[in-house]
Amino acid sequence: MTRTVIAQGTFDILHPGHVHYLEEAAAMGDELYVIVARKSNVDHKKAPICPGTQRRDVVGALAAVDEAILGHEDDIFVPIEEIDPDVIALGHDQHHDDDAIAAELASRGIDCEVRRASGREPADDDQLLSTRLIIDRILERRG
Ligand SMILES: Cc1cc2nc3c(=O)[nH]c(=O)nc-3n(C[C@H](O)[C@H](O)[C@H](O)COP(=O)(O)O)c2cc1C
Ligand SMILES: Nc1ncnc2c1ncn2[C@@H]1O[C@H](COP(=O)(O)OP(=O)(O)OP(=O)(O)O)[C@@H](O)[C@H]1O
């Protein structure tokens, strides 16, 4: 019985923090599907720079990822119902409430565990394990 895991996020400019998250999510099961957020659904921070197709393709190229898909425009639970995962792995700082997700899954009759991955800290002061910090440094040095 294949144990399917779903991870999700914006993944605008990929960095080792994303790799850590996705490798940890992959280790929670046998297959990892990653839902890449549509720009229209990234409403809790600045919009991504790169188009969704490009963000999806880069995430999909990671060894830990079996398939990366662009998320649904309107209902974030549509891909969940289609994939019917055993685990949803939330990122360490992802703004979703674990219990709210679990309640919504239950109300839709989806039997799926909600877990939270750990964070990865920079290996040294020069590393930037955040898209926002990468963009800030670009603006600082190239702006
Ligand atoms: C269970 C789950 C399912 C999601 N499905 C979608 C989706 O179908 N379409 C989408 O645009 N975003 C989807 N998202 C991503 C959210 O829209 C949100 O933008 C994403 O969590 C961004 O988080 P980040 O700040 O970590 O990048 C989903 C998130 C979760 C937790
Ligand atoms: N340093 C990190 N360690 C572990 N997971 C991370 C790290 N950075 C991001 N993630 C996870 O990757 C997923 C996608 O995050 P996102 O695309 O928002 O990147 P981000 O670098 O956090 O962006 P921003 O800096 O703009 O918030 C989220 O689940 C998030 O928790």
Side-chain angles (χ1 to χ4, degrees), residues 1-123 127-143:
M1 168 68 175
T2 305
R3 191 168 159 79
T4 305
V5 183
I6 281 185
Q8 64 288 319
T10 308
F11 303 108
D12 195 15
I13 300 173
L14 223 58
H15 55 70
H18 292 133
V19 176
H20 170 88
Y21 165 48
L22 295 176
E23 287 180 347
E24 196 170 296
M28 293 177 188
D30 307 305
E31 271 183 348
L32 175 62
Y33 290 80
V34 182
I35 300 172
V36 175
R38 297 276 181 176
K39 181 175 179 179
S40 56
N41 288 326
V42 180
D43 49 15
H44 52 293
K45 60 186 183 183
K46 293 257 176 58
I49 301 292
C50 299
T53 50
Q54 174 172 335
R55 293 183 284 117
R56 176 207 56 208
D57 291 353
V58 174
V59 168
L62 291 175
V65 176
D66 291 288
E67 186 171 355
I69 59 167
L70 265 179
H72 194 272
E73 282 285 1
D74 309 308
D75 178 355
I76 70 167
F77 282 89
V78 164
I80 304 294
E81 285 170 341
E82 285 165 359
I83 297 168
D84 191 19
D86 300 290
V87 180
I88 288 175
L90 295 174
H92 75 114
D93 68 348
Q94 212 148 42
H95 66 293
H96 297 278
D97 175 72
D98 307 44
D99 297 337
I101 297 264
E104 181 62 28
L105 290 167
S107 75
R108 294 179 183 230
I110 302 171
D111 177 17
C112 170
E113 199 185 334
V114 178
R115 292 178 60 179
R116 197 157 286 262
S118 63
R120 174 173 168 166
E121 295 306 316
Q127 280 197 350
L128 301 171
L129 272 53
S130 146
T131 298
R132 180 178 52 78
L133 295 178
I134 293 169
I135 292 175
D136 287 351
R137 183 178 284 179
I138 292 169
L139 292 171
E140 195 182 290
R141 295 189 181 173
R142 303 287 178 86

Side-chain polar contacts of residues 89-99 - donor-acceptor pairs under 3.5 angstrom, sequence neighbours left out - could you list them?
residue : atom : partner : partner atom : Å
Gln94   : OE1  : Gln8    : NE2          : 2.6
Gln94   : OE1  : Gly91   : N            : 3.0
Gln94   : NE2  : Gln8    : O            : 2.9
Asp97   : OD2  : Asp99   : N            : 3.3
Asp97   : OD2  : Ala100  : N            : 2.7
Asp98   : OD1  : Arg116  : NE           : 3.2
Asp98   : OD1  : Arg116  : NH2          : 2.7
Asp98   : OD2  : Arg116  : NE           : 3.4

With a cut-off of 3.5 Å and sequence neighbours excluded, list every side-chain donor-acceptor pair involving residues 48-65.
residue : atom : partner : partner atom : Å
Arg55   : NE   : Cys50   : O            : 2.9
Arg55   : NH1  : Thr10   : O            : 2.8
Arg55   : NH1  : Ala37   : O            : 2.9
Arg55   : NH2  : Ala37   : O            : 3.0

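In the displayed structure, Asp75 atom CG is contacted under 6.0 Å by more than 12 heavy atoms of other residues, nucleotides or ligands.
Between Ala47 and Lys39 the shortest heavy-atom distance is CB-CE, 3.8 Å. In this structure, Ile6 and Leu32 approach most closely via the heavy-atom pair C-CD1, 4.3 Å. Of all heavy-atom pairs spanning Phe11 and Ile35, the tightest one is CE1-O, 4.5 Å. The shortest non-hydrogen separation linking His72 to Asp74 is ND1-N, 2.9 Å.
Here the straight-line distance linking atom CD1 of Ile83 with atom CD of Glu67 works out to 7.0 Å at 0.5 Å rounding. For the atom pair Leu129 CG and Glu121 CD, the distance stands at 8.0 Å (nearest 0.5 Å). Rounded to the nearest 0.5 Å, atoms CG (Asp86) and CZ (Arg115) are 11.5 Å apart. For the atom pair CD of Glu82 and CD1 of Ile69, the computed distance is 7.0 Å after rounding to the nearest 0.5 Å. For the atom pair CG of Leu105 and CD1 of Ile80, the computed distance is 7.0 Å after rounding to the nearest 0.5 Å. Here His20 contributes atom NE2 and Glu24 contributes atom CD; the two are 4.0 Å apart, rounded to the nearest 0.5 Å.
Contact check on Asp12 versus Lys45 returns no salt bridge, with no Lys/Arg side-chain nitrogen under 4.0 Å from an Asp/Glu carboxylate oxygen.
Side chain of Glu73 to backbone of Arg38: no donor-acceptor contact under 3.5 angstrom is found. Judged by distance alone, the side chain of Asp30 and the main-chain N or O of Arg3 form a donor-acceptor pair under 3.5 Å.
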